[in-house]
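Order of listing sets the numbers, starting from 1, for every ligand and every atom in it. Throughout, residue positions are numbered sequentially from 1 according to the sequence presented.
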Amino acid sequence: MNMGTKYLSILGASGSIGVNALSVVRDFPDNFRVRYLSAHSQADLLIAQAKEFLPDAVAIGDETKYRAVKEALPGIEVLSGRSGLLELASRNNVDIMLNAIVGSAGMEPTINSIKAGVNVALSNKESLVMAGGLIKGLLASEGVDLYPVDSEHSAIWQCLSGEVPTDVKRLIITGSGGPFRTTPRGDFKNVTVAQALNHPNWSMGRKITIDSATLMNKGLEVIEAYWLFDLPVEKINIVIHPQSIVHSMVEFVDGSVKAQLGLPDMKIPIQYALTYPNHFPQSWEQLDLAEIGTLSFEKPDYEKFTCLNLAFEALKTGGSLPVVLNVANEQAVYRFLNGEIGFTQIPELIDQAMNKHDFLEHPDLDDILALEVWTKSFIKRS
Ligand code: NDP
Ligand code: MG
């Protein structure tokens with residue numbers, strides 16, 4: 001492959017996306033060199049990754065684990081805590097920072113890397129949900145590119161390649177429908193954590209797996225698409241596609257529709273974001289459409305999956321609403337995972353937080369951080 005060597009920073013290396021990204025790096029040792037890695041709590045995994053990939057520096061979020069990481073990695077710079085992560089994210093001697101951190105904790109690292117002039121491969125969709133306007137402004141002023149990692153957005157990015165932006169009629173974002181696609185709404189109150197974690201097609205971290213069960217993930221992805229592709233909300237549609245083979249589509253003004261297909265394996269969009277504009281050879285099994293047999297599509301059920309309506313409302317109103325939507329969702333999901341609230345309370349609590357907060361038309365970074373604190377505490381005490 002004559003791409004040369006790309007220098008990478010992988011933040012959130014210990015998570016589902018991070019581990020998949022390192023497996024892509026492992027497949028192409030001549031094309032990638034890992035400079036920075038971060039983990040939040042999984043010190044042992046971070047140590048093992050650092051021993052294999054020999055980065056210049058690592059950051060461990062949990063400060064109580066700093067000493068253990070430092071002692072295990074002589075010759076490697078070790079940072080810790082939130083400030084350590086934010087400092088790593090600000091370093092400019094990498095070609096791409098892959099943001100594989102989960103949740104609102106990923107927003108500032110995205111901003112720091114862009115400010116440092118570093119291109120960002122973004123799986124942390126929450127960054128764009130919370131600070132899309134701010135990030136767009138910074139991308140333009142710093143001349144930095146954002147490479148989508150989310151499979152739907154990678155699909156749209158690929159479908160738009162070589163096309164004239166004004167020829168686009170609409171984006172069609174596909175979603176599997178999650179584990180409760182056919183579950184009657186009346187049964188939602190009895191949903192257990194184990195059932196919600198049992199996604200039919202994708203293997204992912206716990207937070208996004210719950211988001212995929214409530215369909216909030218699709219809502220967050222609509223907001224993500226709005227910022228990535230500069231289209232009005234009316235031109236961003238959702239279609240349910242239970243097989244997760246068509247990853248999304250773009251329809252043009254002449255009615256022609258382009259789709260991107262592939263197996264539901266995140267290594268595909270991760271690898272593309274890291275090798276763009278090249279496609280590198282696959283290390284996964286071949287897509288066999290005859291074996292799959294049927295690709296089906298249906299309308300999303302907005303009455304059953306009310307998180308979708310909350311996300312559309314947040315996007316249409318804008319201002320501080322998407323910030324509160326995102327943080328309230330994340331906190332409610334953690335409370336559900338901890339067994340503190342039921343499945344149906346997730347949208348209820350988000351709705352309450354959206355209604356009760358002091359609305360801001362144009363929140364700046366300090367406003368967003370303050371809203372994050374307010375929303376977290378609101379959901380914790382609700
Ligand atoms: P995981 O939960 O598997 O991993 C999250 C990563 O973030 C881990 O490295 C974790 O560290 C780290 N982390 C957790 N909390 C913090 C914090 N407060 N500060 C800094 N780092 C933290 O998540 P996923 O890999 O599933 O998802 C990552 C992102 O990618 C999410 O935004 C998700 O929506 C998006 N995404 C994921 C997909 C998937 O297939 N998994 C598909 C599309 C998008 P540690 O584990 O050491 O505590
Ligand atoms: Mg996705």
Got the closest protein heavy atom to atom 26 (O) of ligand 1, with its distance? Gly205 N, 2.8 Å
Distance under 4.0 Å to a non-hydrogen atom of Ala105: what atoms of ligand 1 satisfy this? 17 (C), 18 (N), 19 (N)
Reference residue Ile17; test side chain to side chain contact (heavy atoms under 4.5 Å, CB included); the match among Ile270, Val102, Asn124: Ile270
Among the N/O/S atoms of Glu152, the Mg ion (ligand 2) lies closest to OE1
How many angstroms lie between atom CG of Leu11 and atom CE of Met97, to the nearest 0.5 angstrom? 5.0 Å
Here the gap from Arg335 atom CZ to Gln345 atom CD, rounded to the nearest 0.5 Å, amounts to 7.5 Å
Looking at atom 43 (C) of ligand 1, what's its closest protein heavy atom, distance included? Asp150 OD1, 3.1 Å
My understanding is that we take every heavy atom of each candidate and find the minimum distance to atom 16 (C) of ligand 1. Doing that for Lys267, His153, His40, which one comes out nearest? His40
Please say whether Gly15 places an N or O atom under 3.5 Å from an N or O atom belonging to ligand 1. yes
What do you reckon, are the aromatic ring centroids of Phe312 and Tyr226 less than 6.0 Å apart? no
Assess Lys207 for proximity to ligand 1: is some non-hydrogen atom of it under 4.0 Å away? no
Protein contact to atom 48 (O) of ligand 1 [nearest heavy atom, distance to 0.1 Å]: Ser41 OG, 2.6 Å
Decide whether Ser176 and Asn201 meet the rule of one side-chain donor and one side-chain acceptor closer than 3.5 Å. no
Identity and separation of the nearest protein heavy atom to atom 47 (O) of ligand 1: Ser14 OG, 2.7 Å
Any non-hydrogen atom of Ala100 lying under 4.0 Å from ligand 1? yes
Among the clusters formed by ILVMFWY side chains lying less than 4.5 Å apart, do Ile96 and Val24 turn up in the same one? yes
Protein contact of atom 33 (C) of ligand 1 - nearest heavy atom, named by residue and atom, plus distance: Ile208 CD1, 3.9 Å
Compute the angle centred on the Mg ion (ligand 2) spanning OE2 of Glu221 and OD1 of Asp150, and express it rounded to 10 degrees. 100°
For atom 46 (O) of ligand 1, what is the nearest protein heavy atom, given as residue, atom name and distance? Gln42 NE2, 2.8 Å
Non-hydrogen atoms of Leu37 and Ala13 that approach each other most closely: CD2-CB, 3.7 Å
Take atom CG in Asp288; do more than 12 heavy atoms of anything else shown fall under 6.0 Å from it? yes
Are Asp56 and Arg33 close enough, and set up right, to give a salt bridge (charged side-chain N to carboxylate O under 4.0 Å, His left out), and what steps lead you there? CA-CA 10 Å; Asp56 298 350; Arg33 159 108 164 69; 2.9 Å; yes
May I ask you to say whether Arg35 pairs ionically with Asp95, meaning some side-chain N is under 4.0 Å from a carboxylate O? no
In the protein, which heavy atom is nearest to atom 29 (C) of ligand 1, and how far is it? Ile101 O, 3.5 Å
Considering only NZ, NE, NH1 and NH2 on the basic side and carboxylate oxygens on the acidic side, decide whether Glu152 and Lys125 come within less than 4.0 Å. no
In the protein, which heavy atom is nearest to atom 38 (C) of ligand 1, and how far is it? Ile17 CD1, 3.4 Å
Quick check: Glu126 and ligand 1, any N/O pair under 3.5 Å apart? yes
Rounded to the nearest 0.5 Å, what separation is found between the OG1 atom of Thr192 and the CZ atom of Phe343? 10.0 Å
At less than 4.0 angstrom from any non-hydrogen atom of Lys125, what atoms of ligand 1 do you find? 32 (O), 34 (O), 44 (C)
Quick check: Leu85 and ligand 1, any N/O pair under 3.5 Å apart? no
Under 4.0 Å from any heavy atom of Asn124, which atoms of ligand 1 are there? 32 (O)
Heavy-atom distance to atom 30 (O) of ligand 1: which of Ser16, Ser123, Gly61 wins? Ser123
